[in-house]
Amino acid sequence: MGFQARNTDPDTSHERMGELNTDASRTDLVHDCLLDHLDGLTYREVAEITGLKGTTTSTIISKLKRDGRVEDAGVRRDGCLVRRIRFVNLKGDA
(Lines give C-alpha, C1' and ligand atoms only; values in the text may rest on other atoms or scores of the structure.)
Protein backbone atom coordinates (compact mmCIF):
# COMPACT_ATOMS: atom_id res chain seq x y z
CA MET A 1 0.00 0.00 0.00
CA GLY A 2 1.40 3.38 -0.94
CA PHE A 3 1.43 6.57 1.05
CA GLN A 4 -1.00 9.40 0.41
CA ALA A 5 -0.82 13.11 1.08
CA ARG A 6 -3.58 14.67 3.14
CA ASN A 7 -6.46 16.26 1.22
CA THR A 8 -5.44 19.65 2.62
CA ASP A 9 -1.84 19.36 1.37
CA PRO A 10 -0.71 21.33 -1.69
CA ASP A 11 -0.45 19.66 -5.10
CA THR A 12 3.33 19.44 -4.78
CA SER A 13 2.93 17.23 -1.69
CA HIS A 14 0.59 14.92 -3.60
CA GLU A 15 3.15 14.65 -6.41
CA ARG A 16 5.99 13.93 -3.98
CA MET A 17 3.98 11.28 -2.13
CA GLY A 18 3.55 9.41 -5.40
CA GLU A 19 7.34 9.11 -5.54
CA LEU A 20 7.60 7.71 -2.01
CA ASN A 21 6.30 4.23 -2.54
CA THR A 22 9.63 2.46 -2.05
CA ASP A 23 11.49 1.83 1.18
CA ALA A 24 14.65 3.35 -0.29
CA SER A 25 12.97 6.62 -1.25
CA ARG A 26 11.34 6.95 2.19
CA THR A 27 14.66 6.20 3.90
CA ASP A 28 16.41 8.81 1.75
CA LEU A 29 13.69 11.34 2.58
CA VAL A 30 14.09 10.79 6.35
CA HIS A 31 17.89 10.84 6.11
CA ASP A 32 17.83 14.08 4.09
CA CYS A 33 15.40 15.63 6.58
CA LEU A 34 17.77 14.86 9.45
CA LEU A 35 20.69 16.15 7.39
CA ASP A 36 18.83 19.44 6.95
CA HIS A 37 18.39 19.71 10.75
CA LEU A 38 21.83 18.98 12.21
CA ASP A 39 20.76 19.65 15.81
CA GLY A 40 18.43 16.67 15.47
CA LEU A 41 14.72 15.96 15.33
CA THR A 42 12.27 13.63 17.02
CA TYR A 43 10.45 11.05 14.93
CA ARG A 44 7.30 13.16 15.28
CA GLU A 45 9.07 16.23 13.91
CA VAL A 46 10.43 14.20 10.99
CA ALA A 47 6.91 12.91 10.31
CA GLU A 48 5.51 16.44 10.33
CA ILE A 49 8.19 17.75 7.98
CA THR A 50 8.13 14.83 5.54
CA GLY A 51 4.43 14.01 5.62
CA LEU A 52 5.17 10.36 6.45
CA LYS A 53 3.37 8.53 9.24
CA GLY A 54 4.99 8.64 12.67
CA THR A 55 5.32 4.86 12.80
CA THR A 56 7.06 4.90 9.43
CA THR A 57 9.56 7.57 10.48
CA SER A 58 10.22 5.81 13.78
CA THR A 59 10.98 2.54 11.99
CA ILE A 60 13.24 4.23 9.44
CA ILE A 61 15.13 6.20 12.09
CA SER A 62 15.67 2.98 14.09
CA LYS A 63 17.09 1.30 10.99
CA LEU A 64 19.35 4.28 10.28
CA LYS A 65 20.57 4.09 13.90
CA ARG A 66 21.31 0.36 13.57
CA ASP A 67 23.21 1.11 10.36
CA GLY A 68 25.33 3.70 12.20
CA ARG A 69 24.01 6.63 10.15
CA VAL A 70 22.03 8.26 12.99
CA GLU A 71 22.78 8.72 16.69
CA ASP A 72 20.98 9.91 19.80
CA ALA A 73 21.49 13.62 20.40
CA GLY A 74 21.37 13.02 24.16
CA VAL A 75 18.20 15.05 24.72
CA ARG A 76 14.44 14.57 24.63
CA ARG A 77 11.83 16.89 23.24
CA ASP A 78 8.15 16.39 24.04
CA GLY A 79 9.01 13.03 25.58
CA CYS A 80 10.73 11.75 22.41
CA LEU A 81 14.39 11.06 21.78
CA VAL A 82 16.09 13.54 19.49
CA ARG A 83 18.13 11.83 16.78
CA ARG A 84 20.71 13.40 14.50
CA ILE A 85 22.98 12.44 11.64
CA ARG A 86 26.14 10.67 12.76
CA PHE A 87 29.19 12.05 11.03
CA VAL A 88 32.17 9.76 10.63
CA ASN A 89 35.72 11.04 10.72
CA LEU A 90 37.25 9.47 7.63
CA LYS A 91 40.80 10.33 8.74
CA GLY A 92 40.48 8.00 11.72
CA ASP A 93 41.37 10.74 14.22
CA ALA A 94 39.62 10.63 17.58
Would you kindly confirm whether [X] and [Y] end up in one hydrophobic cluster when ILVMFWY residues are joined by side chain heavy atoms under 4.5 Å apart?
X     : Y     : answer
Val30 : Phe87 : yes
Ile49 : Leu29 : yes
Leu38 : Tyr43 : yes

* Asked: Has the side chain of Arg86 got a donor or acceptor atom that lies under 3.5 Å from a matching backbone atom of Gly68?
  -> yes

* Asked: Is there a donor-acceptor pair under 3.5 Å between the side chain of Ser58 and the backbone N or O of Gly54?
  -> no

Taking the side chain as everything from C-beta on, heavy atoms only, tell me whether [X] gets closer than 4.5 Å to [Y].
X     : Y     : result
Val46 : Leu52 : no
Arg76 : Leu81 : yes
Glu45 : Thr57 : no

Enter the distance from [X]:[atom1] to [Y]:[atom2] here, rounded to the nearest 0.5 Å.
X     : Y     : atom1 : atom2 : value
Lys53 : Thr59 : NZ    : OG1   : 11.5 Å
Asp23 : Lys63 : CG    : NZ    : 9.0 Å
Ile60 : Arg83 : CD1   : CZ    : 13.5 Å
Thr50 : Asp32 : OG1   : CG    : 11.0 Å

Which pair of non-hydrogen atoms, one from [X] and one from [Y], has the smallest distance, and what is that distance?
X     : Y     : result
Arg77 : Thr42 : O-CG2, 3.7 Å
Lys65 : Asp72 : CE-OD1, 3.4 Å
Val82 : Asp39 : CG1-O, 3.9 Å

* Within 6.0 Å of CG in Asp78, more than 12 heavy atoms from elsewhere -> no

* Asked: Do Ile85 and His31 pass the side-chain contact (heavy atoms from CB on, under 4.5 Å) test, and can you show the C-alpha distance, the side-chain angles, and the key distance before you say yes or no?
  -> CA-CA 8 Å; Ile85 292 294; His31 184 269; 3.6 Å; yes

